[in-house]
2 protein chains.
Amino acid sequence: MAAESGTRARTRRAIVDAAVTLLAGDPTASLGDVATAAGVGRTTVHRYFPERSDLLAAISSDVLDKVEAATERARLDDGPAAEALERLCQEYFELGDGLTLMFDTPQLANWSDWDEETPADRHFLHTVRRGHAEGSIDAELHEEWVRNLVWALLYTAWEHTRTTGTPKHAALTLCLHTLRKAIAP
Amino acid sequence: MAAESGTRARTRRAIVDAAVTLLAGDPTASLGDVATAAGVGRTTVHRYFPERSDLLAAISSDVLDKVEAATERARLDDGPAAEALERLCQEYFELGDGLTLMFDTPQLANWSDWDEETPADRHFLHTVRRGHAEGSIDAELHEEWVRNLVWALLYTAWEHTRTTGTPKHAALTLCLHTLRKAIAP
DNA sequence: CCGTTATGGAACATCAATGCTCCACTCGGC
DNA sequence: GCCGAGTGGAGCATTGATGTTCCATAACGG
């Protein structure tokens, strides 16, 4: 909140970004590892985030912000709901490691001020219901299932690029192709 | 391998089973927690598995065995490939915590004698190719993608029961419904 | 160019998980 | 019912992560 000097802001970003990347690969990575990855001394990490939980909270908040921003860019209220979800998928896909982290470390939400219900989440579920009403999304698939499905597909797509070396765009195509067919009525 | 006395075999099972359940929920659970969950002393756990890695190897081997057994029960070579995959999905779904554990702790494979290629995996990929050939599975979806997709759907289904309280059978239905549509040509 | 600001590293205390040992106890199977 | 296999708990050493302090130094910015 309080404006930070340019230097401090930059260092803070470096630490958070490095932590996201590192923790996405190994949620048990030590703070020393994070410091090294960020190109910073362990002492400096502690200066910004006195306790591990402080760092996790910062990460959580950072990723949630990005999710919110991505959700807005997807313009969920424009056009058919099914197409809106595909746009959202593309936006979320760009989140990369942040996505992976949120997917397999849901406890992360607890470290931040997240009450189960973010605006992005509400907007997502609302869009699915709109799809049900207008008939562009299979009515048998509950909102929550569709949300979980989207996250799982995105996670799978990233995993797919890591293990098979498939290029990002190809993985995204597979992901969207699969989603489109899965949610079609 | 060497035949164990009934008592030892039972204790060993209790520890492994408890560990699977516990680690599925929290991969960082301590050996003390595992001992408590298994209803045995921490000393006993060490007697059976001198190091943590020994326990992980045992778990890995145990789960892999169950996967192999489930794969055989699915009779992948009978009938259309798409239907075979649905049967497999139902069998895998029954693995419960073991499934969750393998999904979000892939490193587990390293602790056992797993060379990237289990018979079950080979059989699975082969079945997908059969589906491509006979036209019952969308040819645009590579074998590896379908495999990852199936695991992700199963994981999501379990997650769905945990977070929304949906009954198991309903989650499985959603899972199968989604899979069927996703892999259809 | 100079002073404030930020950093890195060393050193230290703490803590929890682990791995290991010993011994008394009990429970299972003959 | 007896005896040995199997168990549990207390205790102890080790290790790695964490959190904290202090000081010398680097670099940022006016």
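Bear in mind the structure is a predicted one, so any value in this text is a computation, not a measurement. In what follows, every heavy atom counts, from backbone to side chain, and hydrogens, waters and symmetry copies are set aside.
- Atom pair A/Leu55:CG and D/dT18:P shows a separation of 10 Å (rounding to whole Å applied).
- Below the 3.5 angstrom threshold, one finds no donor paired with an acceptor across the side chain of B/Thr7 and the base of D/dG6.
- Interatomic distance, CZ of B/Phe93 versus CG of B/Leu88, reported as 13.5 Å (0.5 Å rounding).
- Look at A/Thr44 and you'll find a side-chain N or O under 4.0 angstrom from OP1 or OP2 of C/dG8.
- Residues A/Asp138 and B/Lys181 are paired through a salt bridge, judged by an N-O separation under 4.0 Å between the basic side chain and the carboxylate.
- Within 4.0 Å of A/Arg12, counting heavy atoms only, lies no atom of the nucleic acid at all.
- Taking 4.0 Å as the cut-off between side-chain N and carboxylate O, B/Glu159 and B/Arg162 count as a salt-bridged pair.
- To the nearest angstrom, P of D/dT7 lies 11 Å from CZ of B/Phe49.
- Closest-nucleotide positions on DNA chain D for A/Thr43 and A/Leu31 were compared, and the one nearer the 5' end corresponds to A/Leu31.
- The separation between B/Ile15 atom CD1 and D/dG6 atom P is 13 Å, rounded to whole Å.
- Applying the 3.5 Å distance criterion, the base of C/dG8 shares a donor-acceptor pair with the side chain of A/Arg47.
- A/Glu51 has its CD atom 15 Å from the C1' atom of C/dA16, to the nearest Å.
- Out of D/dG8, C/dT7, D/dT18, the shortest distance to the side chain of A/Arg52 is found at D/dT18.
- The distance between the ring centers of B/Tyr155 and A/Phe103 falls below 6.0 angstrom.
- Applying the 4.0 Å criterion to OP1 and OP2 of C/dA6, one finds that A/Tyr48 has every side-chain N and O outside that range.
- In this structure, the CZ atom of B/Arg10 is 8 Å from the P atom of C/dG28, given to the nearest Å.
- One atom, NE2 of B/His46, and another, P of C/dA17, lie 12 Å apart when rounded to the nearest Å.
- Checked by distance alone, B/Arg42 brings a side-chain donor or acceptor within 3.5 Å of a matching partner on the base of C/dG19.
- A/His177 NE2 to B/Leu141 CG: the interatomic distance, rounded to the nearest 0.5 Å, is 5.0 Å.
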